[in-house]
Visitor: 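One structure is given below, represented as structure tokens, and several questions about it will come after.
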Amino acid sequence: MEFRVIKTFQTIVRLGSFQLAAEYLKYSQPTITLHIQKLESELGFKLLERGKSIKLTEAGKIFYERANILLKEYEYLNNTLKDYSTGEAGTIRIGAAEPTASSRLPSILSLFKKRYPNTEISLLVADEKHLHQHIRNQEIDFAIGTVSESFRDIEFEALLTEKLVLLLPFNHALTKRKTIFAKDLINETLITAGQSSVQKKIEQLIFERTGQLPAKVQLGTISTLQHFVKENLGIAVVPQISATLPPDQVVVKTIHDLHEGPAIGILKHQSHTVSTAGKTFLALLKQNLAFDLKKAQIELSV
């Protein structure tokens, strides 16, 4: 049973004549007649009584009611598959590490959902170690973060370089310095946020510049870290995007020889094929991260 034949039957009943149905569907009248004959032959009973006007048989009334439901479902399925093929529907499984998860993704996800409301998004926020594991198991389609080591089965596409800044208590001596160097941090207490790849890269960069590391106080999150700085418990080196709204009495400064942090980009399993919806999201992500990078460069130059 063909859907176009059912559509012909529905149109005849709705418009009240074979001729009007033929004009509406852009078929010849013999084709319309042939469709109804074929449908009635397949079903084994008459659907229409022909005369001066079109009347439904009892079987025709039942079939017309079900045909309307069937065609609506078919139209919905057809549109859904079309949206899926064009990237406007489907499910995207995303992983993200901090600070991108909190500072960059919310606005991008909001913009994406406004443009593609039929797309479902599953977001996993974790450190890079756990993201790598989920990528290997193909439990997520891709992740946004960084890497601290190379993996043969995980591809990494760098999108931007994280800019680093120094957080200081309001009354700290370094706030009065016009130029701060990495070596100025050695005798300080460095408050760190866990053992993420970003944090490890920051500590590696400090060691490369100075040959040693300051004493550390390790915390769980960057948001908690800023309040510890405020209470004069130490200083911190963090991604610039994490310090856009620092608490009162926390001063943000640049470090002359330590302002380039780790690369942030897309991580995916080399054998995993990203869906059309996923590719649509990645295109929007790259566009917005490129804008953020340009904005950050302007702010640092001012």
Visitor: Which of these, F18, F9, Y27, F3, sits in a ring pair (Phe, Tyr, Trp, His ring centres under 6.0 Å) with H35?
Guide: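 For H35, the ring pair (Phe, Tyr, Trp, His ring centres under 6.0 Å) check succeeds only for Y27.
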
Visitor: First locate atom CG of L105, then atom OG of S110, and finally report the distance between them rounded to the nearest 0.5 Å.
Guide: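 Going from the CG atom of L105 to the OG atom of S110 covers 12.0 Å.
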
Visitor: Could you tell me which non-hydrogen atom of V238 sits nearest to which non-hydrogen atom of A243, and how far apart they are?
Guide: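 Minimum heavy-atom separation between V238 and A243: CG2-CB, 4.2 Å.
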
Visitor: To the nearest 0.5 angstrom, please state how far the CG atom of N137 sits from the NE2 atom of H269.
Guide: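 Rounded to the nearest 0.5 Å, the CG-NE2 separation comes to 8.5 Å.
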
Visitor: NZ of K230 to CG of D248: how many Å apart, nearest 0.5 Å?
Guide: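 Here the interatomic distance stands at 6.0 Å.
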
Visitor: Would R115 and L284 satisfy side-chain contact (heavy atoms from CB on, under 4.5 Å), going step by step from the backbone distance to the final call?
Guide: CA-CA 11 Å; R115 293 184 183 180; L284 184 65; 3.4 Å; yes

Visitor: Grab the two heavy atoms, one from F181 and one from D257, that are nearest each other, plus how far apart they are.
Guide: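 It is CA-OD1, 3.4 Å.
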
Visitor: Might you point out which heavy atoms bring L225 and L167 nearest each other, and give the distance in Å?
Guide: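 What the structure gives for the nearest pair is CD2-CD1, 4.0 Å.
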
Visitor: How far apart are the C-alpha atoms of S242 and E98, what are their side-chain angles, what is the distance that settles it, and do they pass the side-chain contact (heavy atoms from CB on, under 4.5 Å) test?
Guide: CA-CA 9 Å; S242 303; E98 296 293 4; over 6 Å; no

Visitor: Flag the pair K200 and E203 as a salt bridge only when some basic side-chain nitrogen lies within less than 4.0 angstrom of an acidic carboxylate oxygen.
Guide: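 A salt bridge is absent here (no side-chain N lies under 4.0 Å from a carboxylate O).
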
Visitor: Between A59 and K46, what is the shortest heavy-atom contact and its length?
Guide: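 Looking at all heavy atoms of both residues, the closest pair is CB-O, 4.0 Å.
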
Visitor: Tell me the closest heavy-atom pair linking I255 and A182, and the distance in Å.
Guide: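 Closest approach of I255 to A182: CG2-N, 3.6 Å.
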
Visitor: Just one of V250, V251, I235 clears the side-chain contact (heavy atoms from CB on, under 4.5 Å) bar with H172, so which one?
Guide: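 With H172 as partner, V250, V251, I235 yield a single side-chain contact (heavy atoms from CB on, under 4.5 Å), made by I235.
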
Visitor: Counting only heavy atoms from other residues, nucleotides and ligands, does the tally under 6.0 Å from NZ of K55 exceed 12?
Guide: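 Check fails, neighbour count at 12 or below.
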
Visitor: Between T175 and P169, which heavy-atom pair has the shortest distance, and what is it?
Guide: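 T175 and P169 have their closest heavy atoms at CG2-O, 3.5 Å.
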
Visitor: When rounded to the nearest 0.5 angstrom, what distance separates NE2 in H259 from OG1 in T161?
Guide: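 Spacing of NE2 (H259) from OG1 (T161) equals 11.0 Å.
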
Visitor: Step by step, would you call L190 with V237 a side-chain contact (heavy atoms from CB on, under 4.5 Å)?
Guide: CA-CA 8 Å; L190 184 69; V237 180; 4.1 Å; yes

Visitor: Salt bridge between K201 and E162, side-chain N to carboxylate O under 4.0 Å?
Guide: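 Here K201 does not pair with E162 in a salt bridge, since their nearest N and O are not under 4.0 Å apart.
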
Visitor: Walk me through whether I135 and H272 qualify under side-chain contact (heavy atoms from CB on, under 4.5 Å).
Guide: CA-CA 9 Å; I135 291 170; H272 183 75; over 6 Å; no

